[in-house]
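As structure tokens, the structure follows; a few thoughts come after it.
Predicted, not measured: the structure shown is a model, and the values here were computed from it. Residue numbers start from 1 in every chain, and the chains themselves are labelled A, B, ... in the order their sequence lines are given, proteins ahead of strands.
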Amino acid sequence: VTDPFDRLPSLDLGPVDAEFVDRLRLRIERALIPEITLSEPTHERTTTVQVITPYLCVHDGAAAIDWYRRCFGAAVSNVIEWEGKVGHAELDVAGAVFYLSDEAPGLGVLSPRTKGPGASVSIVMDVAVVDDFVAKAVEGGATLERPVDDSHGRRNGWIMDPFGHRWNVGTPISTPPS
Amino acid sequence: VDHGAQLVELYDRAVREVFAYLAPRCGSRQVAEDLTADTFLAAVGQIRRDAVDDVTVAWLIGIARHKLVDHWRRIGRRAEDTVRDMGDDHVVDDPWDAVLDAHRVAEVMGRLGSHHRSALTLRYVDGLPVPLVADHLGRTVHATEALLVRARAAFRLAYEGSEQ
């Protein structure tokens with residue numbers, strides 16, 4: 001007598017569902033991603049900055065030089081005239097240097113006014129007293145995009161200047177000596 | 001060796017084999033999918049604990065077998081077994097000459113107590129030798145032999161009772 005258990009038949013339920021296979025693959029791939037350990041928030045700078053100098057294009061160079069001088073307290077040097085316009089100028093806000101020029105459409109250099117609204121690049125700058133700095137800029141016609149507050153170890157705010165350039169200005173919050 | 005990458009590479013073939021292992025044993029596509037997912041996520045856990053020698057289908061089937069037995073243990077604790085364990089005294093393992101029908105086997109297996117079902121599946125579907133069945137069930141070889149005798153009797157009783 002053969003043992004029926006030795007050939008215990010089982011149901012064929014068909015192949016695995018393709019959608020289930022795809023869903024499970026995603027779960028496995030996610031589960032294999034190493035957990036990210038977030039570092040403690042720090043007030044220290046974590047990047048070492050060389051120097052990147054923004055070269056701003058504006059629709060009215062002369063007006064811009066005047067505005068940055070009055071409202072940012074910029075020292076202006078090395079202004080080069082080119083076909084009756086500002087070909088180049090260097091501005092220095094307490095050691096933070098940026099350049100500017102009028103538009104040069106032949107070179108593809110266009111101002112925010114010509115290109116339309118929205119900033120692709122914002123400029124981050126530390127200043128001595130951010131509340132005063134922002135107040136003066138806004139009084140001079142800058143748009144306050146985000147009021148000054150304390151975040152990320154820095155008292156800072158966001159402004160759009162009248163020439164369409166977007167700035168994040170701030171003052172590091174000094175930590176009490178331990 | 002990046003075992004995680006090996007698992008991802010093996011996945012398409014392995015998921016079919018693991019499902020094909022589980023589905024006929026648990027008799028339900030839904031349960032088989034759940035246990036397939038449990039199997040692979042447990043595999044990921046072992047890989048992340050660096051507790052893996054070799055990422056193979058055989059290794060995954062081994063995990064699947066554990067998941068299957070665990071599953072029956074869980075539902076065995078939850079549900080009242082519909083076929084009662086008769087105890088050693090009343091059991092005689094008579095010769096039985098029958099050709100079993102797959103649908104009725106599945107139906108009867110589903111009504112057996114989980115320990116009977118586990119023992120019969122490991123021994124007669126997976127074809128494991130009794131000592132390995134004993135390992136999986138956490139019993140001695142002697143206790144497992146006795147369990148198999150009772151499981152066969154319970155199965156036969158239920159199977160014959162399901163006739164007509």
So B:Phe155 and A:Leu8, side-chain contact (heavy atoms from CB on, under 4.5 Å) or not? Walk me through it.
CA-CA 11 Å; B:Phe155 179 92; A:Leu8 201 61; 4.1 Å; yes
Flag if over 12 foreign heavy atoms under 6.0 Å of CZ, A:Arg155:
yes
Measure the spacing between CG of A:Leu11 and CE of B:Met109 and express it to the nearest 0.5 Å.
10.5 Å
Under 3.5 Å, side chain of B:Arg48 to main-chain N/O of A:Ala31, donor-acceptor pair present?
yes
Can you find a pair of side-chain heavy atoms, one from B:Phe19 and one from A:Asp17, that are under 4.5 Å apart?
no
Does atom CG of A:Asn78 have more than 12 heavy-atom neighbours, drawn from other residues, nucleotides or ligands, at distances under 6.0 Å?
yes
Measure B:Ala20 against the heavy atoms of chain A and call it side chain, backbone, both or neither at under 4.5 Å.
neither
So which heavy atom on B:Gly4 is nearest to which on A:Leu32, and how close?
O-CD1, 3.6 Å
Would you say B:Val130 ends up clustered with A:Phe5 if hydrophobic residues are merged whenever their side chains have heavy atoms under 4.5 Å apart, either directly or through other cluster members?
yes
Looking at B:Val99, B:Thr36, B:Leu100, which makes the most heavy-atom pairs under 4.5 Å with chain A?
B:Leu100
Take atom CD of B:Glu9 as the centre, draw a 6.0 Å sphere, and report whether it contains more than 12 heavy atoms from other residues, nucleotides or ligands.
no
Can you confirm whether more than 12 heavy atoms, excluding those of A:Lys115, are under 6.0 Å from its NZ atom?
no
Flag yes if A:Met160 and A:Met125 sit in one hydrophobic cluster, no otherwise; membership is Ile, Leu, Val, Met, Phe, Trp, Tyr, and two members link when side-chain heavy atoms are under 4.5 Å apart.
no
When clusters are formed by joining ILVMFWY residues with side-chain heavy atoms under 4.5 Å apart, either directly or through shared neighbours, do A:Val76 and A:Val97 land in the same one?
no
Single-linkage hydrophobic cluster B:Leu137~B:Leu132, side-chain heavy atoms < 4.5 angstrom:
yes
Value for OH (B:Tyr11) from CD1 (A:Ile28), rounded to nearest 0.5 Å, stands at 5.0 Å
Begin from the C-alpha positions of A:Val21 and B:Asp12 and carry the test side-chain contact (heavy atoms from CB on, under 4.5 Å) through to its verdict.
CA-CA 8 Å; A:Val21 169; B:Asp12 277 306; 4.2 Å; yes
Non-hydrogen atoms of chain A under 4.5 Å away: do they reach the side chain of B:Tyr124, the backbone, both or neither?
both
Rounded to the nearest 0.5 Å, what separation is found between the CZ atom of A:Arg25 and the CG atom of B:Leu7?
11.0 Å
Under 4.5 Å to a heavy atom of chain A? For B:Thr121 that would be neither
Heavy-atom cut-off 4.5 Å, strictly under: side chain, backbone, both or neither for B:Leu41 against chain A?
side chain
Which pair of heavy atoms, one from B:Glu33 and one from A:Phe20, lies closest together, and at what distance?
O-CZ, 3.2 Å
Check whether B:Val18 gets within reach of chain A through its side chain, its backbone, both or neither, counting any heavy atom under 4.5 Å.
neither
Do side-chain atoms of B:Arg29 reach the backbone of A:Leu13 as a donor and acceptor pair under 3.5 angstrom?
yes
